[in-house]
There are 2 protein chains.
Amino acid sequence: MARTLASGPDTDTRERILDAARELFVAHGVAQTTMRALGARLGMTAPAIYHHFADKDALVRELVLADMSRLAAAFARAARVADPVERLQSIGMAYVRFGIEHPEHYRFLFLTPDAKQGLEEEIQCRMNEAPEQDAYHLLQVTVAEAIENGRFGPLYHDVDRVSQICWATVHGIVSLHIVFSTQPWLTWRETSVTAERMLAAMTHGMQQGATG
Amino acid sequence: MARTLASGPDTDTRERILDAARELFVAHGVAQTTMRALGARLGMTAPAIYHHFADKDALVRELVLADMSRLAAAFARAARVADPVERLQSIGMAYVRFGIEHPEHYRFLFLTPDAKQGLEEEIQCRMNEAPEQDAYHLLQVTVAEAIENGRFGPLYHDVDRVSQICWATVHGIVSLHIVFSTQPWLTWRETSVTAERMLAAMTHGMQQGATG
DNA sequence: GGGGTCCGCTTAACACTGTTAAGCTCCCTC
DNA sequence: GAGGGAGCTTAACAGTGTTAAGCGGACCCC
């Protein structure tokens with residue numbers, strides 16, 4: 001009863017599972033997506049999935065790592081700006097766009113730490129292998145360049161701290177957008193405009209007392 | 001077999017359930033806390049809880065609303081600063097302190113929207129009843145005062161947008177702290193210091209072209 | 001060509017979750 | 001003392017992720 005026509009050796013259905021899982025996770029969220037529903041979507045039963053993935057977490061893990069690479073790629077595209085401070089704003093906006101366009105991806109990349117429990121080593125390994133794919137590293141490099149060029153004031157000379165400030169800035173607006181923009185008790189302003197003004201104010205504010 | 005000694009009419013065990021639930025939720029998270037475990041902690045079975053609360057969500061809901069009042073109280077204390085811009089920084093730091101000291105409370109107040117699904121009307125109602133307990137409203141009022149006093153530049157004259165910028169700033173650093181500060185692949189800087197510098201840079205940056 | 005083996009899948013089942021239904025016990029009231 | 005209800009119990013249901021056992025066809029080697 002197995003398929004007789006060729007469709008790849010065995011990695012094919014594995015890919016099909018990943019695609020369907022991403023689709024359902026993005027559409028209805030990870031928790032609401034049941035293994036049985038995922039199996040039904042693929043025309044097979046739930047336990048069949050366990051022949052390709054250890055468990056549900058492994059599925060989530062694989063998608064998370066893929067999305068991190070995708071984000072890093074968007075970063076690399078946004079990083080082609082000469083001036084380091086302008087570059088910070090550029091990759092900041094790339095981050096915001098990623099969050100707005102892929103809210104469910106963003107949610108389980110940056111909003112659900114439980115989904116990544118025990119994933120730290122793998123992330124670290126992956127980053128050591130391909131540092132150019134490490135989004136945080138790119139941020140650090142850009143911040144370091146800005147600091148070396150004397151663009152920031154004396155309170156903003158710590159590369160890690162400034163990197164975390166920049167990250168927190170865009171992460172704040174994106175996660176508020178995802179969680180609260182649909183709430184009726186506040187009149188939400190368009191996220192991308194707010195993000196631009198935030199980045200402008202933040203970078204300007206950090207130039208207080210700059211030497212360059 | 002029920003207790004014969006007086007311990008209040010019926011609101012007593014209700015309170016005991018709430019206290020135990022808060023404790024377990026904070027310690028292990030909402031999802032990991034099972035109704036049976038909560039019952040065992042109280043020396044009774046899980047279904048007994050349903051005589052006091054409709055379901056698990058009702059428990060979460062009650063705790064969420066209580067915590068929002070607690071946050072609002074911290075805000076009110078922090079709002080006793082004359083200068084509106086300094087006041088913004090003061091309530092911002094109160095927000096950050098709340099998040100650092102009660103990470104699990106913060107998590108299900110601001111990081112897990114699903115927990116509050118269908119809670120919007122109740123929040124809105126509660127806020128209309130006691131607007132002085134509405135933390136966001138306090139933020140808006142402070143921002144409005146700063147704008148009226150000409151403290152912010154022309155790009156930062158929209159009360160809602162500036163309020164959301166301020167909220168996003170502190171929310172960003174707090175939620176990064178909660179989700180990522182323990183990750184080994186980044187050297188996390190002390191959150192409260194970073195938050196202070198963020199607020200300083202943000203408020204300074206928004207004064208670009210201010211008239212007052 | 002025939003037998004062994006393994007891959008991909010199915011059915012059945014387990015342990016666990018939140019939740020509901022039925023019933024039991026004690027206390028209060030009349 | 002009978003009625004009734006509050007507060008709890010045990011039993012059970014539907015749903016979850018996950019595992020165990022078995023079946024059918026494809027492949028390989030003799």
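Numbers restart at 1 for each chain; the letters A, B, ... are given by sequence-line order, proteins then strands.
Side-chain nitrogen and oxygen atoms of B/H51 include none within less than 4.0 Å of the OP1 or OP2 phosphate oxygen of D/dT9. Applying the 4.0 Å criterion to OP1 and OP2 of C/dC7, one finds that A/H52 has every side-chain N and O outside that range.
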Legend entry - Nucleotide-resolved protein contact map, nucleotides 10-15 of chain D, B/S/- at heavy-atom distance under 4.0 Å: BBB---

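Closest contact between the side chain of B/T13 and the listed nucleotides C/dC9, D/dG17, D/dC8 involves D/dC8.
Evaluation of the salt bridge (charged side-chain N to carboxylate O under 4.0 Å, His left out) rule for A/D55 yields no partner, not counting sequence neighbours. Under the salt bridge (charged side-chain N to carboxylate O under 4.0 Å, His left out) criterion, A/R87 pairs with A/E145, sequence neighbours left out. Take A/R16 and apply the side-chain hydrogen bond (donor to acceptor under 3.5 Å, both in side chains) test, not counting sequence neighbours, and it matches no residue. With sequence neighbours excluded, no residue satisfies salt bridge (charged side-chain N to carboxylate O under 4.0 Å, His left out) with A/D19.
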Contacts under 3.5 angstrom, residues 34-49 of chain B side chains, donor-acceptor by atom type, not counting sequence neighbours:
unit_1: B/T34; atom_1: OG1; unit_2: B/R36; atom_2: N; d: 3.2
unit_1: B/R41; atom_1: NH2; unit_2: B/E23; atom_2: OE2; d: 2.5

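Rounded to an integer number of Å, the gap from CZ of B/F25 to C1' of C/dG18 is 12 Å. If you measure from atom CD1 of B/I49 to atom C1' of C/dG18, you get 11 Å, rounded to the nearest angstrom. If you take CD of A/Q32 and P of D/dT16, they are 11 Å apart, rounded to a whole angstrom.
For A/Y95 and A/Y106, the ring centers are positioned less than 6.0 Å apart.
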